[in-house]
Amino acid sequence: MTVAREREQRLLASIARDVADVLASIATLREATVEVFAGADAAGRPVDRAALATLHPLIARLLRRHEGFAAGAGVVLAPDVLADAPRWIEWWWADRGSGIERLAVDHDPDSVDFYDYTAAEWYSEPERTRQQSITGPYVDYICTHEYTYTLAIPLIYGERFVGVAGADILAQQVERAVVPELMQLEHVAVLASGNGRIIASNTVLYPPGNVLARHEASHELLPVAGHGAADDPVAGISLPWTLLAGGEVDSIRGR
Amino acid sequence: MPDSALSTLRARTLFAPLHAGGRAETVTRRLADAIALGLLLDGERLPTESDLANQLGVSTVTLRDALATLRELGFVETRRGRGGGSFVRAPREHGATRLERRLRELSLHELRDIGDHRAAIASAAAKLAASRSTDRDVQTLREHLARLRAARTTTERRRADARIHIEIAATAQSPRLTQEELDLWSAVGDLVWLAVPVHEVGAVIDEHDALVDAIERHDADAARTLADRHITTETERLLGLRLELCEP
């Protein structure tokens with residue numbers, strides 16, 4: 001294996017590990033939420049907002065543990081699951097320097113500011129597939145107000161989908177982790193998300209946020225690592241991202 | 001609806017802490033304004049007295065003072081017992097009266113300037129959205145378009161319209177343009193549909209359709225031009241109505 005190929009695979013494995021760490025914390029949060037449901041069931045009580053509030057210390061711990069990487073975390077309930085609210089989000093975000101704050105959104109369908117989270121990809125995908133999902137990068141204008149990824153794991157109680165547990169990661173944190181590594185490669189290298197959006201690259205020819213398929217074919221880009229690559233080195237950690245490689249970069253400005 | 005579901009946006013407008021004297025009076029004015037502007041909706045339950053006092057940064061005594069005045073003015077109704085609390089009572093204002101009052105608050109120059117700002121943001125967002133949209137983004141836009149077409153009230157149209165423009169800015173992959181759209185819609189969004197006469201509703205919806213079509217075709221130039229023309233038409237409509245208010 002060439003030095004470049006090893007470097008590419010190391011890069012992807014490293015960011016996949018960072019993401020997997022957060023996913024592991026979300027899985028812990030999911031377990032705790034399922035226990036809240038089981039505890040209420042055993043006591044013959046319905047689950048309400050007060051019962052979910054007991055998750056706060058765990059969510060706070062998750063945000064502290066992933067400080068600087070995860071910007072927000074919590075659980076989002078499917079409609080009509082809680083006894084005292086038709087829709088509910090128990091989501092907290094890390095406010096720079098001053099602890100954590102609860103996210104307040106408008107759940108009233110008749111309100112001008114109504115936020116229908118069931119339509120969001122990070123909710124509808126885990127609901128549909130019953131698998132964890134990694135959404136983004138996308139502009140999150142509800143919580144972080146930044147370019148964001150959302151990791152989400154379905155909450156299943158019994159056979160029933162009762163919501164998702166998840167966390168937000170700011171796009172700039174992923175960028176900080178991968179761009180220095182990309183810059184060490186001598187050829188054009190582009191990291192793209194599952195829906196073909198550019199996450200990061202080592203040339204201005206492929207700026208983040210653009211859609212790869214709509215780029216002029218100035219380089220022939222081939223998947224070299226991750227999802228879609230012939231020799232998938234990080235299959236164990238299912239990151240829906242692909243690292244693509246092209247010709248040599250003569251300068252940062254490309255060509 | 002949960003008590004604490006006042007959105008971040010409204011919370012920011014309403015609950016900036018008070019500092020100056022005459023606190024009960026200031027609280028009264030602020031809540032009355034929020035109700036008149038539609039930031040607090042008719043029938044909406046206010047947070048508990050202690051929560052509300054806390055959020056406004058005043059004592060419960062001051063807040064009770066203010067609530068008493070608001071009750072006298074008919075802005076708030078207090079019900080006792082189970083399911084009780086303080087509820088908003090919006091003054092029944094005819095759409096045309098409300099539009100007139102809002103328009104009188106703005107000069108022709110301000111209206112034109114707001115229109116220019118909206119056009120600049122909307123056309124830049126549309127151009128970038130056309131080049132950066134995925135099928136999923138277009139699908140989301142189409143869902144909001146369907147909501148706009150199905151809407152029967154001015155409030156519903158405003159909500160769907162705002163979401164279309166905010167989603168276009170999000171599709172542009174720009175948090176800054178998205179924030180601009182959010183700010184613009186919260187500041188002047190209510191004016192947009194109040195000004196549209198019934199016989200023009202279909203045409204305005206068609207403008208949004210054409211814009212989303214251009215984004216779906218990835219035709220950046222067309223998307224930019226359509227967005228610019230759409231906002232310019234809206235601005236001209238508002239300027240025309242504002243001019244009529246100046247007639248002797």
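Worth saying up front: this structure is predicted, and the values here are computed from it rather than measured. Every chain is numbered from 1 and lettered A, B, ... according to where its sequence line falls, protein lines coming before strand lines.
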Problem - Geometric cation-pi criterion B:R89 and B:F75, 6.0 Å radius, 45° cone - result: no
Practice task
Against chain A, label B:T134 side chain, backbone, both or neither, depending on which of its atoms sit under 4.5 Å from a heavy atom there.
Solution key: both
Handout entry: Ion pair A:R128/A:E125, N-O distance below 4.0 Å
Key = yes
Problem - Within 45° cone of A:W91 ring axis and under 6.0 Å: A:R102 NZ or CZ - result: no
Problem - Side chain, backbone, both or neither of B:T140 within contact of chain A (heavy atoms, under 4.5 Å) - result: neither
Handout entry: Proximal component of A:P137, with respect to chain B [non-hydrogen, under 4.5 Å]
Key = backbone
Exercise for the section: Taking the six-membered ring for Trp and the full ring for Phe, Tyr or His, determine whether the centres of A:H107 and A:Y115 are under 6.0 Å apart. Expected result: no
Handout entry: Side chain / backbone / both / neither for B:D135 at chain A, heavy atoms under 4.5 Å
Key = neither
Practice task
Tell me whether the guanidinium CZ or amine NZ of A:R197 lies under 6.0 angstrom from the six-membered ring centre of A:W241 and within 45° of its axis.
Solution key: no
Handout entry: Heavy-atom proximity to chain A below 4.5 Å, by part of B:R136
Key = side chain
